[in-house]
Amino acid sequence: MSDHEIVDSSFSAIINAPFEKIDIPQWCFTLPEDEYRRCSPAHIAAGFTTAPDGRRMSINVETIGGSLMVQHYVETLAEKHHLILESVSEIFTPTGRTTIHVLWELSAKRIDDRTCEFTNHVRSRATEEFKAFLDSQGIPFEVFRGQRQPMSIAHNQGETPLFASSIERAALNS
């Protein structure tokens with residue numbers, strides 16, 4: 001774990017659909033808000049747009065550990081079975097607003113003709129703004145990281161099988 005890494009969390013779940021029918025970028029960039037909300041009680045809103053450079057962007061709003069997060073996930077790799085998104089995510093806390101860097105990676109691999117393994121991998125790192133935010137409050141980074149990790153890991157663990165089910169429904173309905 002690097003000095004600035006907050007969380008590195010990865011979970012997998014089974015998708016009961018043929019590998020050929022899985023299209024993770026298509027799912028991500030057309031995900032209806034109500035479907036996003038069904039994937040976690042912490043999910044508030046979702047939408048999609050484009051970044052200034054024309055790349056697709058998924059905008060997600062959720063609450064993790066009592067803090068509201070607005071994530072602006074821009075595609076950095078978009079293959080049918082592998083999607084990597086990056087966001088400088090805004091965090092709204094009781095003591096102010098700041099940012100963290102989040103790398104979100106979703107992938108599927110074939111198990112057999114009817115099933116795939118979905119992996120949801122989330123990594124977050126402190127931005128310079130975030131480190132200054134903690135410093136201004138006298139909060140040691142290690143203390144913050146120790147409190148944030150269990151909440152972020154539990155969130156990822158809970159949403160992964162629900163994302164897999166949502167991708168499965170999209171694949172079977174295509």
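Being a predicted model, the structure only gives us computed values, none of them experimental.
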- Query: Looking at residues at least two apart in the chain, or sitting in another chain, which of them share a side-chain hydrogen bond (donor to acceptor under 3.5 Å, both in side chains) with Glu35?
  - Reply: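 Glu35 satisfies side-chain hydrogen bond (donor to acceptor under 3.5 Å, both in side chains) with Arg38, Ser166, Arg169 only.
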- Task: Using side-chain hydrogen bond (donor to acceptor under 3.5 Å, both in side chains) as the criterion, list what pairs up with Arg114, not counting sequence neighbours.
- Result: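 Testing Arg114 for side-chain hydrogen bond (donor to acceptor under 3.5 Å, both in side chains), a comparison that skips the adjacent residues, returns none.
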What is the minimum heavy-atom distance between [X] and [Y], and which atoms define it?
X: Ala164; Y: Phe118; answer: CB-CD2, 3.9 Å
X: Ala171; Y: Lys21; answer: CB-O, 3.4 Å
X: Ala108; Y: Phe19; answer: O-CE1, 3.4 Å
X: Ile6; Y: Ala126; answer: CD1-N, 3.8 Å
X: Leu83; Y: Cys28; answer: CD2-CB, 3.6 Å
X: Leu134; Y: Phe144; answer: CD1-CB, 3.9 Å

Any residue meeting side chain to side chain contact (heavy atoms under 4.5 Å, CB included) with [X], in chain and number order, not counting sequence neighbours:
X: Ala51; answer: Asp53, Met57, Val74
X: Arg97; answer: Glu90, Phe92
X: Ile44; answer: Val61, Thr63, Leu68

Verify same cluster id: [X], [Y] (apolar side-chain graph, 4.5 Å):
X: Leu103; Y: Ile153; value: no
X: Leu162; Y: Tyr73; value: no
X: Ile139; Y: Phe130; value: yes
X: Leu85; Y: Ile100; value: yes
X: Trp104; Y: Val70; value: no

Check whether the side chains of [X] and [Y] place a donor and an acceptor atom closer than 3.5 Å, and report yes or no.
X: His72; Y: Asn60; answer: no
X: Glu129; Y: Thr99; answer: yes
X: Thr119; Y: Ser12; answer: yes
X: Thr160; Y: Asn156; answer: yes

- Task: Step by step, work out the ring pair (Phe, Tyr, Trp, His ring centres under 6.0 Å) result for Phe163 and His43.
- Result: CA-CA 12 Å; Phe163 278 155; His43 291 176; 5.7 Å; yes
- Go through Thr95 and Gln137 one step at a time and tell me if the side-chain hydrogen bond (donor to acceptor under 3.5 Å, both in side chains) criterion holds. CA-CA 9 Å; Thr95 57; Gln137 299 175 68; 2.8 Å; yes
Could you grab the distance from atom [atom1] of [X] to atom [atom2] of [Y], nearest 0.5 Å is fine?
X: Asp8; Y: Arg125; atom1: CG; atom2: CZ; value: 11.0 Å
X: Cys116; Y: Ile167; atom1: SG; atom2: CD1; value: 10.0 Å
X: Ser124; Y: Arg145; atom1: OG; atom2: CZ; value: 9.5 Å

- Message: My understanding is that only residues two or more places apart in sequence, or in another chain, count here; which of them pass ring-ring contact (aromatic ring centres under 6.0 Å, His included) with Phe29?
- Response: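 With sequence neighbours excluded, Phe29 shows a ring-ring contact (aromatic ring centres under 6.0 Å, His included) to no residue whatsoever.
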- Message: More than 12 heavy atoms of other residues, nucleotides or ligands under 6.0 Å from NZ of Lys80: yes or no?
- Response: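 Counting other residues, nucleotides and ligands, NZ of Lys80 exceeds 12 neighbours.
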- Message: I'd like to know whether CG of Asp112 has more than 12 heavy-atom contacts from other residues, nucleotides or ligands below 6.0 angstrom.
- Response: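 Atom CG in Asp112 is packed in, count exceeds 12.
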Answer yes or no: is there a donor N or O on one side and an acceptor on the other, between the side chain of [X] and the main chain of [Y], under 3.5 Å?
X: Ser136; Y: Phe133; value: yes
X: Lys131; Y: Phe141; value: no
X: Thr76; Y: Ile84; value: yes
X: Glu75; Y: Arg56; value: yes

- Query: Is there a side-chain contact (heavy atoms from CB on, under 4.5 Å) between Glu62 and Glu159 once you walk through the steps?
  - Reply: CA-CA 12 Å; Glu62 61 187 350; Glu159 74 184 358; 4.1 Å; yes
- Full working for side-chain contact (heavy atoms from CB on, under 4.5 Å) between Ile111 and Ile14: CA-CA 9 Å; Ile111 294 175; Ile14 299 300; 3.4 Å; yes
- Task: Would you check, one step at a time, whether the test side-chain contact (heavy atoms from CB on, under 4.5 Å) holds for Ile22 with Ile15?
- Result: CA-CA 9 Å; Ile22 305 296; Ile15 296 174; 3.6 Å; yes
- Query: Is it true that Arg110 and Glu117 make a salt bridge, defined as a side-chain N closer than 4.0 Å to a carboxylate O?
  - Reply: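 Judged by the 4.0 Å cut-off on N to carboxylate O distance, Arg110 and Glu117 do not form a salt bridge.
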- Query: Out of Glu105, His101, Glu5, which residue meets the side chain to side chain donor-acceptor pair (under 3.5 Å) rule with Arg123?
  - Reply: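 For Arg123, the side chain to side chain donor-acceptor pair (under 3.5 Å) check succeeds only for Glu105.
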